[in-house]
Each structure stands twice: as structure tokens, then as C-alpha cells.
Amino acid sequence: MTEEENPYAPPKSTDFRLPEQEFKPTKGQKIARIVLGTLLVPLLMIIVVFLFATLLGVDYRQTLDISFFLFFVVVLVGIYFMTIVQSFLFSLTLEKYCSTIGKKIICSFIFAIIIAITAPLLVIWLGGNPTHTFLHMAIGAFMGLLPATMITALILHAHRKYYEKRFFRQPE
């Protein structure tokens, strides 16, 4: 016969936390992820767009007489101004409502579409370049935004998992 375990005995492991206790990120960690996501989306978008333009052989020097670094910074600042609100909403949504990696990827796809539609509308409203059509700008923005939002979602997920592992690490 097997001997039944005493329900009032202390647990056999050295970890005395209750199993139903889950990881709750601190307010600072939440704010850090929101700020990180807000800043990463436009930066990654510009890097992807410039990488694609370089791979396709687009030579901006025919029309502009400035250095590549200055051109990169000017475009980066412009994209930050155009997408800062949408990037903030994307980061806030990821932090509050998307707990699993699958939900984060779906949310990043949806926000890539939303930002790709609203950014060209803002450019057209501000009196942008009339030679580009809305569809041309939206497709270009989407091609840069999809990898940017996906990578941002993965980075923010890794940030959360890192602190979750630290929280559940066994005491030594």
C-alpha cells in the first residue's frame, strides 16, 4: 500500500510560491515596452524601406544634393511625426490586450494595414508629392511596416518573456 501524502506538510521543493501566482509586470516595465514599441516601429520601417530601395538600386542622388545620412535622418524624423500616434496605439494595444505571440502577430498585421492607410492620407492632406498616388504610397508603406511591426512585436514579446523567466527562476 502506498502512503498518502500529508496535505498540511510543506512542499518538497524549495520554491514556496503558490502555483496559481502569475507574473505581473511592474508599471515601469509596461511603460518601457510602450515607449520602446513607439520608437521602434518608425525606425524599423525606415531601415526596411531604405534596405529595399538600396537592393532595388534606387539612386536618390539624382534628385537630391544631400548626403545619405542627412537624407536618412530627415526621412526618419518625418516618419516619426507621421506615425507616432499610430505606433503608440500599437504598443499600447500589444501591452494591454495581446498576451500570446499569436495575438501579437495578428495585431501587428492589422496595425501595419492601419498605419499604411493613415500615413499616406496624412501626406496627401499635408500637401505631399502629387506624382505619387495614394495606392502607391500605401503599398510602399505597408511593405515597410509589416516587417517593422512584426519585429517590434517579437522584441516586445521577448522583453516580457525575459522578465517572466527572471520572476519564475528557482531560488539557488
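What's counted below: heavy atoms across the whole structure, side chains too, no hydrogens, waters or symmetry copies.
- Side chains of T152 and F90 form a contact here, defined as non-hydrogen atoms less than 4.5 Å apart.
- The side chain to side chain contact (heavy atoms under 4.5 Å, CB included) search around F81 returns V77, not counting sequence neighbours.
- Hydrophobic clustering (ILVMFWY, side-chain heavy atoms < 4.5 Å, transitive): L44 and I105 are in one cluster.
- In this structure, M143 and V48 approach most closely via the heavy-atom pair O-CG1, 4.0 Å.
- In this view, F72 and F50 satisfy the ring-ring contact (aromatic ring centres under 6.0 Å, His included) rule, not counting sequence neighbours.
- Residues forming a side chain to side chain contact (heavy atoms under 4.5 Å, CB included) with L51 (at least two apart in sequence, or on another chain): L55.
- Criterion: ILVMFWY side-chain heavy atoms under 4.5 Å apart, direct or through other members. Under it, F111 and V85 are part of a common hydrophobic cluster.
- Applying the side chain to side chain contact (heavy atoms under 4.5 Å, CB included) criterion to F109, with sequence neighbours excluded, gives I113, F142, L146, M150.
- Heavy atoms only, all atoms of each residue included: A116 and L145 are closest at N-CD1, 3.5 Å.
- At distances below 3.5 Å, at least one donor-acceptor pair connects side-chain atoms of S91 with backbone N or O atoms of T38.
- Note on residues 92-103: pairs passing side-chain hydrogen bond (donor to acceptor under 3.5 Å, both in side chains), not counting sequence neighbours, are R33-E95.
- Across all their heavy atoms, A119 and Q86 have their closest contact at N-NE2, 4.3 Å.
- No path of Ile, Leu, Val, Met, Phe, Trp and Tyr side chains, each step under 4.5 Å between heavy atoms, connects L156 with I106, placing them in separate hydrophobic clusters.
- Taken together through direct or relayed side-chain contacts under 4.5 Å among Ile, Leu, Val, Met, Phe, Trp and Tyr, V74 and M82 form part of one hydrophobic cluster.
- Summarising the geometry, atom CG belonging to L154 is positioned 9.5 Å from atom OG1 belonging to T149; distances are rounded to the nearest 0.5 Å.
- Separating the NE2 atom in H157 from the OG atom in S108 is a distance of 12.0 Å, to the nearest 0.5 Å.
- Partners of L43 according to the side chain to side chain contact (heavy atoms under 4.5 Å, CB included) rule, which considers only residues two or more places apart in sequence or in another chain, are I47, L76, Y80.
- Between I34 and L94, the closest side-chain pair of non-hydrogen atoms is not below 4.5 Å.
- Side chains of I84 and P42 form no contact here, defined as non-hydrogen atoms less than 4.5 Å apart.
- The same ILVMFWY cluster, assembled from side-chain heavy atoms under 4.5 Å apart, contains both M45 and V75.
- Between V49 and G144, the closest heavy-atom pair is CG2-CA, 3.9 Å.
- What you find for H159 and Q29 is that their closest heavy atoms are CE1-O, 4.3 Å.
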